[in-house]
Undergrad: 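Dumping the structure here so I can ask a few things about it.
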Amino acid sequence: MSLRGVRVPGRLTVDRLDVAAAERLLVTGGNGTGKSTLLAVLAGRLAAEGEVAGGRG
């Protein structure tokens with residue numbers, strides 16, 4: 001999965017993120033830092049500006 005220039009206005013900005021199929025991603029942070037928003041974008045449940053590729057199926 002890769003993200004490029006992903007943005008959810010007022011909630012999340014990710015310049016670049018790459019996670020290979022065999023890799024794992026640990027998401028940590030304080031309240032309101034965008035963890036749930038990031039996971040929703042990765043799962044395809046939340047629309048975002050930018051490019052989200054792979055990871056489906």
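The basis for the numbers below is simple: all heavy atoms, side chains too, and nothing from hydrogens, waters or symmetry mates. Since the structure is predicted, the reported quantities are computational estimates derived from the model, not experimental observations.
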Undergrad: Given side chain to side chain contact (heavy atoms under 4.5 Å, CB included), test D18 with R4 step by step and report yes or no.
TA: CA-CA 9 Å; D18 295 301; R4 299 287 185 275; 2.9 Å; yes
Undergrad: Sequence neighbours left out, what passes side-chain contact (heavy atoms from CB on, under 4.5 Å) with V19? Give chain and number order.
TA: L17, E23, L25
Undergrad: Scan L38, T37, L39 and name whichever one has a side-chain contact (heavy atoms from CB on, under 4.5 Å) with L46.
TA: T37
Undergrad: Going from CE on M1 to CG on L42, what distance comes out if it is rounded to the nearest 0.5 angstrom?
TA: 5.0 Å
Undergrad: Measuring from D15:CG to L3:CG, what's the distance to the nearest 0.5 Å?
TA: 10.5 Å
Undergrad: Using the side-chain contact (heavy atoms from CB on, under 4.5 Å) criterion, which residues pair with T33? Sequence neighbours excluded.
TA: K35
Undergrad: Could you tell me whether the side chain of R16 reaches within less than 4.5 Å of the side chain of S2, counting heavy atoms only?
TA: no
Undergrad: Taking C-beta and beyond as the side chain, do V41 and R7 meet within less than 4.5 Å on heavy atoms?
TA: no
Undergrad: The criterion is salt bridge (charged side-chain N to carboxylate O under 4.0 Å, His left out); which residues satisfy it with R11, sequence neighbours excluded?
TA: none
Undergrad: How close do A47 and V8 get, heavy atom to heavy atom, and via which atoms?
TA: O-CG2, 4.1 Å
Undergrad: Can you name the closest pair of heavy atoms from G34 and L12 and give their distance?
TA: O-CD1, 4.1 Å
Undergrad: Just jot down the salt bridge (charged side-chain N to carboxylate O under 4.0 Å, His left out) partners of E51, sequence neighbours excluded, or say none.
TA: none
Undergrad: Applying side-chain contact (heavy atoms from CB on, under 4.5 Å), can you list everything that pairs with S36, at least two apart in sequence or on another chain?
TA: none
